[in-house]
Amino acid sequence: MINIGLLGCGTVGSGVVKLLKKNEEIITKRTGDTIVIKKVLEKDRDKCFSLGIDERMIAQDISEILDDEEIDIIVELIGGIEPAFEFIVQAMQKGKSVVTANKDLIAIKGRELFEMAEENNVDFYFEASVAGGIPIIYPLKQSLAGNRIRKVIGILNGTTNYILTKMSREGRAFDEILAEAQKLGYAEADPSSDVNGLDAARKIAILSSIAFNTRVTLDNVYVEGITSIEPADIRYAQELGYVVKLLAIAKEDEEGRVQARVHPAFIPRTHPLAAVDDVFNAVFVQGDAVGEIMHYGRGAGQMPTASAVVGDIIDIARNIMYNVNGRIGCTCYESKPIVDIKQLSAQFYIRMTVKDRPGVLAGIAGVFGNNNVSIATVLQKTRGDMAELIMITHEVREQDLEDSLAVLRGMSIVGKINNVIRLEGTDRTEDYL
Ligand code: NAP
Ligand code: HSE
């Protein structure tokens, strides 16, 4: 019998309890042993009772679980940094393997946790921490291990994808759609980490570390959220043949330099990621042998996330039965340079409000020209005595664009720079680095 100590019986924890019960027979056959939740740590005992968890299984405190020598695996689903980190460290020191869905923790304390697992000869699995139910950590570490990975592009936050999808389909207000995503259990306890891009940044930090075998932490990821996206941007994207998505992008160039960033992007309507709607997530991977592949599914929610957690539990249970551990441990054996976003170049969409009178367009074009920013497409919509200018640039350096916008913001003919959004698929690291 493999005994579990479950920390947290909230959305995901309850899903794990339900799934282990629902598919008990098949899980036992596949594992070759019975997996049993022996003890649960949860602040709100009513959540446990509603799942049929017996009062005697509810731990008074963490030590009751850590000191129980019969417990083999700790499943941490309380979330946050502390006390989750301390609980995991103590569990590993007591020789217990750990499964978690906690991306906040891994993105910040990953290195310490991997080292701790290795020192204590235990396993540390975290499939559910990125893209919920979609298997991506194991495929990157195992199934794709023969490839040199060049690119990982994900839609890694269900809440923002849900909001952008509803905004583009129904034209509804941002706050109303966010409240709906919270009610459906997709959003984080503090939804600002969804909408400001932080949640996706944590996930791409984890994926890029694995894909490129180098430690990428949250501080290395450039982050922009979706709060600046307005219905007008979505409309113009559609008019120009694009879709707006919050993308998490990680790439390694030929010189071994790594970039990791999260920001809204225009992607062509024909790109496979453009069809990923609602709360769905997808991870697009390019490997030198496999080519391009896309993993698609539910990136959040109770049962999809529980699916990934239970998969990890089964794998560790099998390791315990064969008396092995550390088969798939930390893969960050290199130390690669991280490229600053200012050193990249890309095509950009720019929406600005300007005075509608002769010479204005020429003045604006002049500023761009003086800063090496070349314009590919221009659309103009008149709004009274002002005009909305929509421009798509050719591939330009981030720094050159920033310099042009700084000049434009100071010009009396420019009312407002409403938004600037990158087009995906057009960036490259400058050779002068
Ligand atoms: P949740 O619904 O808030 O569940 C966490 C549970 O743990 C709550 O019942 C909470 O009780 C309890 N808890 C917190 N601290 C505790 C402590 N010190 N001692 C005992 N109980 C404690 O969160 P969740 O959505 O299940 O998320 C759990 C983890 O999975 C997080 O790391 C999250 O990022 C990750 N995750 C979630 C999803 C998803 O779709 N929800 C998807 C992927 C990954 P109180 O509510 O009373 O504080
Ligand atoms: N808040 C996250 C999302 C949940 O919306 O994708 C999964 O990590």
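One is the number of the first residue; the rest follow in order along the sequence. All values derive from a computational prediction rather than experimental measurement. Whatever order the structure lists them in is the order used to number ligands and atoms, beginning at 1.
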Worked verdict on Ile136 versus Ile210 for side chain to side chain contact (heavy atoms under 4.5 Å, CB included):
CA-CA 10 Å; Ile136 186 62; Ile210 298 168; over 6 Å; no

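- At least one donor-acceptor pair closer than 3.5 Å links the side chain of Asn161 to the backbone N or O of Phe280.
- Residues Leu273 and Lys245 are not in side-chain contact: their nearest non-hydrogen atoms beyond the backbone lie 4.5 Å or more apart.
- Residue contacts with ligand 2 for Asn281 are absent, since no atom lies close enough (heavy atoms, distance under 4.0 Å).
- Heavy atoms from both the backbone and the side chain of Thr159 come within less than 4.0 Å of ligand 2.
- Side-chain atoms of Phe124 and Met92, non-hydrogen and from C-beta on, do get closer than 4.5 Å to each other.
- Residue Arg30 places its CZ atom among 12 or fewer non-hydrogen atoms of other residues, nucleotides or ligands, all under 6.0 Å distant.
- Residue Tyr186 has at least one heavy-atom neighbour below 4.0 Å for each of these atoms of ligand 2: 1 (N), 2 (C), 3 (C), 4 (C), 5 (O).
- Nearest protein neighbour of atom 6 (O) of ligand 2, counting heavy atoms only, is Gly158 N, 2.7 Å.
- If you check which protein heavy atom lies closest to atom 8 (O) of ligand 2, you get Lys103 NZ, 2.5 Å.
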Tabulate distances under 3.5 Å between N/O atoms of ligand 1 and N/O atoms of the protein, writing both atom names on each line.
| unit_1 | atom_1 | unit_2 | atom_2 | d |
| --- | --- | --- | --- | --- |
| ligand 1 | 2 (O) | Thr11 | N | 2.9 |
| ligand 1 | 2 (O) | Thr11 | OG1 | 3.1 |
| ligand 1 | 9 (O) | Glu42 | OE1 | 2.8 |
| ligand 1 | 9 (O) | Glu42 | OE2 | 2.8 |
| ligand 1 | 9 (O) | Lys47 | NZ | 2.6 |
| ligand 1 | 11 (O) | Glu42 | OE2 | 3.2 |
| ligand 1 | 21 (N) | Lys43 | N | 3.2 |
| ligand 1 | 26 (O) | Thr11 | N | 3.2 |
| ligand 1 | 26 (O) | Val12 | N | 2.8 |
| ligand 1 | 34 (O) | Lys103 | NZ | 3.1 |
| ligand 1 | 40 (O) | Gly301 | N | 2.7 |
| ligand 1 | 46 (O) | Lys47 | NZ | 3.3 |
| ligand 1 | 48 (O) | Lys43 | NZ | 3.3 |

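- Close approach of ligand 2 to Asp194 (heavy-atom distance below 4.0 Å) involves ligand atoms 1 (N), 2 (C), 3 (C), 5 (O).
- A donor-acceptor distance shorter than 3.5 angstrom exists from the side chain of Thr305 to the backbone of Gly301, with no hydrogens or angles considered.
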Please tabulate, one pair per line, all N/O donor-acceptor pairs under 3.5 Å involving side-chain atoms of residues 106-123, not counting sequence neighbours.
| unit_1 | atom_1 | unit_2 | atom_2 | d |
| --- | --- | --- | --- | --- |
| Asn120 | ND2 | Met116 | O | 2.8 |
| Asp123 | OD1 | Gly326 | N | 2.8 |
| Asp123 | OD2 | Asn319 | ND2 | 2.7 |

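- Legend: residues meeting ring-ring contact (aromatic ring centres under 6.0 Å, His included) with His271, ordered by chain and number and at least two apart, are Phe284.
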Listing, residues 291-298 side-chain donor-acceptor contacts under 3.5 Å, not counting sequence neighbours, or none:
| unit_1 | atom_1 | unit_2 | atom_2 | d |
| --- | --- | --- | --- | --- |
| His295 | ND1 | Pro135 | O | 3.1 |

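- A 4.5 Å side-chain heavy-atom check between Leu51 and Lys18 finds at least one atom pair inside the cut-off.
- The distance from ligand 2 to the heavy atoms of Gly299 drops below 4.0 Å at these ligand atoms: 7 (C).
- Residue contact check for ligand 2: Gly132 places no non-hydrogen atom closer than 4.0 Å to it.
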